[in-house]
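Just so we're on the same page: letters track the sequence lines, and every chain starts at 1. Computed from a prediction, not measured in an experiment: that's the story for all the values here.
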Amino acid sequence: MTSRRHFLAGSIAGSALCITSSARAAALQATSPETALSRLVCDTRFAQAGLIARNLASLGVEVFETQGDTTAIWYEQIAPGWRSGIRAIGGLTNTASLFTFVRLGFDAGLTVAFHGRHRISVDGSETHHAVDASPVIECQFAAALNSGLSWTSALQTVLPCAASRPSTEGVKLADIRAPATARETILHSWILTPRA
Amino acid sequence: MTILPPGISAEQFASAMRAFEAAVGKDWVLTSETDIAGYRDPWSMVRDEPGELLPSAAVAPATVEEVQAVVRVANQFKIPLYAVSTGKNYSYGGPAPNVRGSVIVDLKRMKRILELDGERNFALVEPGVTYFDLYNEIQARGLKLMIDNPDPAWGSPSGNSLDRGVGYTMGPYRDHASSACGVEVVLASGEIMRTGMGALPAAKTWQEYKHGFGPDPTGLFFQGNFGIVTKIGVRLMPLPEHYRTGKITVPKRSDLHGLIKTVNYLADLFMIGEPVFSSPLHPLMKDPEFFSEATRQGSFDDDRLNALAATANLPFYQVELQFYGSEGTTRANWEYAKELATRDVPGSRTLDGVSYKMPLTREQIMDKDTPYGESAIRRYAAVATPNLTTFDFIGRHVDSPDDYVHLHYGMFTIVPRSAESVFQVQRAWVDLVHEANATLVTEQTPRPSALTMPLQWHQTCFFMWAGFPLTITERPMSEALADMLERVLTVNAKNGWGEYRSEPLLQDKVAAHYNFNNHALRRFNEALKDAVDPNGILSPGRGGIWPKAFRSLRGKVGV
């Protein structure tokens, strides 16, 4: 019997799915950072995203590269992979991909557990970060930055941690529409985890 | 924050939720804030304000019987429902209801493809079947059929048809309401009804003859609130063997008369798919002089605009034509189009486009470089390949591609298929922007100008569209947007132009202008509504139709 939390997972896979474990159980099974974040969508148009993705890939994270169109990633690669249960998924993308993944993820039983907006100047010399996540994760990110780590390293550190926690409330995407100026671009980092 | 339906106490609501749980199962009644968040309009003009059109809960029935049970519970507790198939048409409010506190009836779990006929060319689907689902099933069965998907394709044939959405192939198919053939609905009473030949139990023609016998109420369920559609027939275009494009350009503004006349002729002979009108002059909008001329208040100086186009060595307008058929028939039709253009459109030039065997490869679909330069055709849609690429460009700021601007920032206005009408709309909208104070408007390219062009999504009319875009990072901008759109509606109505569709927040405003003979149409619809839905539980306010129980909310949506 298809569970409540996966009802659009059925639609995106195009056939009835038989998922036996609950979302809560699936999320709770993901107890370590290494196993919690197994999949990451990376927009390779962002150099910093590519850097983080390569490092996470070396830790065993499966990386899906995109340059905008995420259709095939979702419908052909990620959704069919959830036949055995939904898992957290991360992304380093532009606004458009964040938007589509959040909506598709919601229907699959996921919610936003982490959302970072990284304003990057065109020459890469200046960055500004705003992170919405649980207080623990926000503190981890701030501490990592304060410790002298580069922001890409700090992000690389906290993303798996954010994926390891079942989300009880989710993060509001209040600033999804935050405008960038002509001299900067915005990279979104995000983690979707099973709704508890 | 708990949101309750109008006039319902917390105790009554809790009782209703228990009754819904009994109807569909506890797992399928969604009430948590996290769950409800998925049913918000992400671009609501009243986001986070007291009037935001948030639901109180959502229920997700899996069968027609469960839909019936949900309707009965709603009647018992007098709770307004708002049915969505996938709820993903975010340009029109997504799943947000007309009445704050409504219970969303999420039909995504109803996703059976009940019939799919590759010889008689139709499908019968439940509302949760998406365009992806239908496409995949066609491929899996190896049928020579095409879907006709809107962009993006995560929506459903049911929802898009019922909202009178469009696609991008041949005229009869891209008008989704017209290509629908037969519906099954759960009425407010909980009774099931089938329209057209579906009313004849043994009929095998439900998806082949839409009218049945006697008055056909099917239209009441399109942009309406008279029932919850649980099955819909969809006519499907056979997969053609070949796809071809060609372009006709004209050098001067006034040449649009002949160009549109020619395209109308070809379209109504069903020789072409969607004609895509555009202007190659958009890049010149960055030039202050051209911008000033193309957005000049009062009147355009056509001679000056034509001269600027000539200096840039660019045509003023163009249309891209699309042909479906065999290699030979598409070639012959394009040759005929060129002949007509040469004969009837002085100064026109014709350029051969692409010529592909169907189905196209992914590389062919995504290749935007045609022999005549980048195409305005969204080819994945033209050849009906479902995707989500829309979100990579729609609503994006031209100078800041990582910024989304407001997706509710424009109207699709129905106007006659003539150059005269196009020019009238350009004039009215340019003046409107000036009068409204141009500081409200960003410099996004599609702002009203002499370059604003029609869309021929429906076979028999034009839609005119322009962005009246405002970022909504600051709340006052949202209010400014609402003000701007109301100005557009007023100007449009004054000129006899109406909107074909809108999000719930604006439906009363749009409907208010369809007021011939003291709102005779609305009075008729509401008399019917009160008769068949006495408690007014089905999507009150949708399409501007308010049942007696909620009529006091007319004009107060979002307030």
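At least one side-chain heavy atom of T71(A) sits less than 4.5 Å from a side-chain heavy atom of F132(B).
More than 12 heavy atoms of other residues, nucleotides or ligands shown are found within 6.0 angstrom of CD on Q139(B).
Nearest approach of Y75(A) to L388(B), heavy atoms of both residues: CE1-CD1, 3.8 Å. Taking each heavy atom of E76(A) and R362(B) in turn, the nearest pair found is OE2-NH2, 3.2 Å. Of all the heavy atoms in T100(A) and W154(B), the pair that sits closest is O-CZ3, 3.7 Å. In this structure, D35(B) and F106(A) approach most closely via the heavy-atom pair O-CZ, 2.9 Å.
Proximity to chain A (any heavy atom under 4.5 Å) is shown, for P152(B), by neither the backbone nor the side chain.
To the nearest 0.5 Å, atoms OG1 (T130(B)) and CG (D107(A)) are separated by 10.5 Å. To the nearest 0.5 Å, atom NZ of residue K88(B) and atom CG of residue L104(A) are 6.0 Å apart.
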